[in-house]
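Here is the structure we will look at, set down as structure tokens.
Bear in mind the structure is a predicted one, so any value in this text is a computation, not a measurement. Throughout, residue positions are numbered sequentially from 1 according to the sequence presented.
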Amino acid sequence: MLIDELTKDRPKFEGWRLIEKYCASDPCDPGSAKPDNIGETASGYAAIDPSKLHIHMGLGMEDHFFRDARPGVARFEPAVAVGKHREYAQDVLNRTGHKLKQGLYGLRAHHALLSRDYADALLTKWRERDAANSLAGISENEAWFTSLYHILLAFPFLSFEEKLEALIEASKAHQLTVEIVDMIGAPDQTIFDRAFDTAWEAGDDDQIYVLLVVAKATRIALSANVHHALLSLLTSSTSDRLRTQALGLAGQSGDHALLTAVAGSDWNAAAATAENGYEAWYGSWALLEAAARGIVGDEDALQRISPRLYGRAVQTFNDADARLSVAHRIDASIRRAIGFDGMITAPDIEKLVRSDRPEEPSLCSLRERETPSKDLRDLMRKLDESTEEFEEKQRRSYHAYVEFDRQLSVADARVIVDELSIDAFNALVAAAPDLADQWYRLFVALPDARIPLLQPLMLALAHVFAANDPEKAKALFSKAEDGRPVVRYVYRAGVPLDAKAVWDGDRNDILDQQRRGRLDRATTDAALFDEVLAASAYGKQDFLSAYIDEKVGREEPAEIARGIMVAGFSDEGPHASEILSRFADQPGLLGAACRAAHYAYERNAWARHWYAQMAATEDTKVYWQSQVQFEKIVDTRFELWRNDHSDASWPMKQFRASSISNLSNTYRNRQSKRDKKLFGRDAPAPIFVTKLLG
């Protein structure tokens, strides 16, 4: 056949997706023995042409084999796997344009296999990019990211001084990203202070800006000279970006003199000119820190902060009248939001709320709203989407968000996009209980079209009412249940607000009823996993154990199967292990459920093993071998136990960020498969499950 003739020089395997043909034993199982067929796979792996790897947006035949055979070859023939990945890295150095971009992106997952010499070569290629025309043929946006990727991949092998130099050099041509700044690692106090003194004496704003960004990212101690410079920037700087960073450091450090300078200045969020909103956020945070320490009066601070931090303000202020004033301002915004008649066709907005860095604004991601389609032509168009088409969609989403945000600001209805946490609502209800009752009446009377705008507020208020007014809480939870929020808030382990509102907080009858209902109503394994994850993230393992026991004690096979799946989706523990052992040999539905649950449970345990190996080793090759297995099997439960291991080893310190950089895609892929299943079998249409549940 023609296809055989055209591919006769390529390694032959029976199927890309038949991974067992590459490695007969599961390489991710720490107890697996080396299989007989891995030698043939390793020979094929060694024959891969590295110039054909990661050259397109999608995956070619070589890419599939390179990826799918990787776990087995890395585990049992590591010299072959390491050698081939280093060949690929060397090939990337000789690329230009689109192939260079794709090659650098593909290297991120194999960061630990690079070297100091390779880092030097990357930096040389980056510095010579214009002369060598290495970024020709790609868009301006792609060229920006590709340039920064040279630096990002080199970073772990550079000294702190070299990292500062690279960042300063890069900032003259590119806007720095959070990702690359966070990669800088542990700072060197002496080198930082010397660099800052030199930049300050020279009056080099570009260098000063980068150094202030680094100071905030690393939380480095502020020397006397840096402290003096910050005082000057807070009181007399004409540079928006330098003043913004100075405000951020004042609020983050909690330094009395810096906070006094902010409080004593005429700074006001309403006059902030930095268009991305960071100045208004950092300055407001600093004023609230000053108010908490009694440096500025609560009412004075309230007049000067951004509405985005009203939720923080009501938790910070000591003065009851000031807290009541905040509540009335939020009340006015809620009422305007209910009557908001502007553009509701906003993009999908997701805000990641970082509890580890509360002084930073929530990270926001935008995606163009698309109507789900089962038309094969629509799917093929999406798969064939060009870089230009993707960037145009991103631009449309951004401009739609900017317009939406502008309309909300004009209407004084920003409460729709400015996070009001559950803790903030607790403080609001305590400050103005009468207003809370009014909000309840407004929310339960909302027309369905308005629910997406105010769903986060409804859920937060429902959570607060659950402690002492269960009927109101139940009505609000029910009202907010349907609808897709305009802004989706995401918390620890990717738990969305609707789940956090139910699973966070103390045990009480109304919340326990909601918790049980969410587990019972899950119509796919993906939905059930999400609920178990949320329960675990907020310390409700005892509730899950009781739920499992209740379900497996029932007579109906579907109820027992649900309990088994909850056990399998739980983190490691003797109770879950016992449940899975008890039902291991059951036939039919229970057998299918137990196999699926055991599969998920076992792989979480294996992921723990490989991550522990990554944390313990000083050998970069062993680190990478373990990382390959870890990435293959990990799911979102990692977010529950990721801090169980220190990052004391050199590879973990340098490469942890790269190792977990693509996990969000891994999580989505895992959940996409679970979304097609219920109790390990093909999921029926949701309507049938819903009718069965009553």
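- Of the candidates R637, R642, R608, R608 is the only one forming a salt bridge (Lys or Arg N to Asp or Glu O under 4.0 Å) with D571.
- Scored by the salt bridge (charged side-chain N to carboxylate O under 4.0 Å, His left out) test, D498 finds R518 as partners (sequence neighbours excluded).
- Of the possible donor and acceptor atoms, one in the side chain of Y88 sits under 3.5 Å from a partner among the backbone N and O of G103.
- Here the side chain of R516 pairs no donor or acceptor atom with the backbone of Y547 at under 3.5 angstrom.
- Shown here are the ring-ring contact (aromatic ring centres under 6.0 Å, His included) partners of W641, two or more places apart in sequence or in another chain: Y611, F638.
- Annotation: F529 is not in aromatic contact with Y601 [ring centroid separation under 6.0 Å not met].
- Taking every heavy atom of both residues into account, L107 and L114 meet most closely at CD2-CD2, 4.4 Å.
- Checking side-chain atoms of E289 against main-chain N and O of Q252 turns up no donor-acceptor pair under 3.5 Å.
- Residues E639 and T636 have side chains that never bring a donor and an acceptor to within less than 3.5 angstrom of each other.
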Worksheet item: When you look at K551 and D520, which way does the salt bridge (charged side-chain N to carboxylate O under 4.0 Å, His left out) test go after all the steps?
Response: CA-CA 10 Å; K551 291 296 178 182; D520 284 346; 3.0 Å; yes
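- Looking at Q455 and L459, their side chains come closer than 4.5 Å, going by heavy atoms from C-beta outward.
- Of the charged side-chain nitrogens involved, at least one lies within less than 4.0 Å of a carboxylate oxygen, so that D635 and R674 count as a salt-bridged pair.
- Closest of all the heavy-atom pairs between C594 and L580 is SG-O, 3.4 Å.
- Between R108 and L153, the closest side-chain pair of non-hydrogen atoms falls below 4.5 Å.
- For the residue pair S659 / Y623, a side-chain donor-acceptor distance below 3.5 Å is found, with atom types taken as modelled.
- Cation-pi geometry between R603 and Y599 is met: the NZ or CZ atom falls under 6.0 Å from the ring centre, inside 45° of the normal.
- Within the 3.5 Å criterion, the main-chain N or O of M614 finds no donor-acceptor partner in the side chain of R656.
- For K621, the NZ atom counts as loosely surrounded, since its 6.0 Å shell holds 12 or fewer non-hydrogen atoms of other residues, nucleotides or ligands.
- Around CG of N665, the count of heavy atoms belonging to other residues, nucleotides or ligands within 6.0 Å exceeds 12.
- At least one donor-acceptor pair under 3.5 Å links the side chain of D63 to the backbone N or O of H54.
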Worksheet item: Does the pair H85 and R70 meet the rule for a side chain to side chain contact (heavy atoms under 4.5 Å, CB included), with working shown?
Response: CA-CA 10 Å; H85 283 78; R70 182 181 298 129; 2.9 Å; yes
Item to complete: Mind running ring pair (Phe, Tyr, Trp, His ring centres under 6.0 Å) on F157 and F655 for me, showing each step along the way?
Response: CA-CA 10 Å; F157 306 97; F655 305 117; 5.7 Å; yes
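- Atom CG of D509 sits in a sparse spot, with 12 or fewer heavy atoms from other residues, nucleotides or ligands closer than 6.0 Å.
- By the salt bridge (charged side-chain N to carboxylate O under 4.0 Å, His left out) test, R681 is found to be paired with no residue, residues two or more places apart in sequence or in another chain being considered.
- In D542, the CG atom is not crowded: 12 or fewer heavy atoms of neighbouring residues, nucleotides or ligands sit closer than 6.0 Å.
- Side-chain atoms of E631 and W610 form no donor-acceptor pair, as typed in the model, at a separation below 3.5 Å.
- Using the six-membered ring where Trp is involved, H110 and W624 have ring planes that are perpendicular, over 60° apart on the 30 and 60° scheme.
- Checked by atom type and distance alone, the side chain of S649 pairs as donor or acceptor with a backbone atom of A615 at under 3.5 Å.
- Between A33 and F76, the shortest heavy-atom distance links the atoms O-CZ, 3.7 Å.
- Aromatic rings from Y45 and F66 are positioned such that their centres are separated by under 6.0 Å.
- Taking the charged nitrogens against the carboxylate oxygens, E77 and K34 do have a contact shorter than 4.0 Å, which makes a salt bridge.
- The closest donor-acceptor contact from the side chain of D525 to the backbone of G680 lies under 3.5 Å.
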